[in-house]
Amino acid sequence: MTILFRELYEAKEKEWLSPLACLAINSKGRQVPEKEDPYRTCFQRDRDRIIHSKAFRRLKRKTQVFLAPLGDHYRTRLTHTLEVVQIARTISRVLRLNEDLTEAIALGHDLGHTPFGHAGERALNELSSFGFNHAEQSLRVVDILEQRRKGKKGLNLTYEVREGIRNHSRGKCILFGQPCPENISYEALIVSLSDVIAYITHDIDDAVRAKILKIDQLPSKAISILGKTASEQIDTMVHGVIEGSTQGNIQIVPDVLNAIVELRTYLFEKLYPSEPIAREINKAQRIIRELFHYFMKNPPEDILQNDPEFTQNSIERNIIDFLAGMTDEYALNKYQELFLPSPWHT
Ligand code: MG
């Protein structure tokens with residue numbers, strides 16, 4: 001009997017990875033069982049499915065913090081995702097966790113993110129009668145929304161990737177010394193920490209680029225530990241996680257941990273609410289609100305036809321999915337088309 005490449009790879013995982021790692025061969029499987037691939041493990045297939053999804057491609061035109069950036073060097077939700085992937089893979093590989101699972105979770109973690117970053121998320125949460133959270137929406141994208149136009153239901157990912165996506169904001173337990181959710185995988189914890197490492201460093205870098213922040217305004221003790229540039233900061237934080245996690249548990253070296261928490265607090269208390277960012281956020285939220293009210297009264301036919309289980313009650317669910325899936329650019333264009341007069345062209 002021929003031994004498949006995937007089987008060799010799974011055996012290699014068993015031999016090489018840490019006892020804390022989630023092995024592909026031990027996956028709890030997919031919602032709809034499928035025949036295994038001869039070459040790729042289940043987590044490698046999930047990673048590939050996410051990369052080829054439409055929701056993944058839309059990340060390129062979704063805001064990170066700076067709205068629909070015209071400058072080529074500001075982060076978008078796509079480049080943020082790729083930075084999270086890079087950081088998470090490095091940590092995962094050194095700790096001998098499952099790098100493929102880590103990569104798949106990191107690539108998929110923000111698929112449900114709204115246009116206009118967290119401003120869009122907050123607006124949808126206020127508008128929706130059932131609430132809105134981007135992690136839950138990311139799971140909805142991979143479970144239901146992706147492929148719906150083709151009459152299929154989602155990407156049929158493995159339990160471990162789906163759970164990692166759903167829990168991707170819950171690894172902050174490590175930052176705050178709180179008990180972590182039960183059954184969260186080490187790979188999901190690593191993605192969660194890598195998300196924080198990525199956004200802290202690139203939001204500072206982008207804010208400096210936008211001239212709304214100077215490095216010497218940041219807490220000086222944290223900067224003296226982490227470094228001044230994004231590169232130094234990522235390096236110190238990644239080392240802090242790897243070197244703190246030697247006892248069969250994910251931890252961060254204490255002075256690095258304190259510096260991360262201090263910088264994160266600074267961003268949430270001082271940078272994100274600062275006037276230049278808040279001004280644009282208010283405008284973005286207004287766009288989301290007006291589009292929501294308009295589409296609730298005038299639901300687009302093709303959106304409703306996409307839903308095989310459509311009932312009158314599900315209009316709101318479909319409109320929220322439609323708005324959450326929009327890129328910044330699409331939302332701005334829709335707003336312009338619906339609410340602003342267009343000039344006559346001769
Ligand atoms: Mg993220």
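Since we're looking at a predicted model, the values are computed, not measured. Indexing begins at 1, ligand by ligand and atom by atom, following the structure's order.
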I'd like a table of donor-acceptor pairs (distance under 3.5 Å, sequence neighbours excluded) in which one partner is a side-chain atom from residues 216-230, with atom names and distances.
from   : atom 1 : to     : atom 2 : distance (Å)
Gln217 : OE1    : Lys214 : N      : 2.6
Ser224 : OG     : Lys221 : O      : 2.7
Thr229 : OG1    : Glu232 : N      : 3.1

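A salt bridge does not link Lys153 to Glu146: none of the charged side-chain nitrogens sits closer than 4.0 Å to a carboxylate oxygen.
Glu182 meets the salt bridge (charged side-chain N to carboxylate O under 4.0 Å, His left out) test with no other residue; sequence neighbours excluded. In this view, Gln44 and Tyr9, Arg40, Thr41, Arg47, Asp100 satisfy the side-chain contact (heavy atoms from CB on, under 4.5 Å) rule, not counting sequence neighbours.
Within the 4.5 Å cutoff, no side-chain heavy atoms of His73 are placed close to those of Asp206.
Between the side chains of Asn26 and Glu160, not a single donor N or O lies within less than 3.5 Å of an accepting N or O.
Within the sub-2.8 Å shell of the Mg ion (ligand 1), the protein contributes these N/O/S atoms: His80 NE2, His109 NE2, Asp110 OD2, Asp195 OD1.
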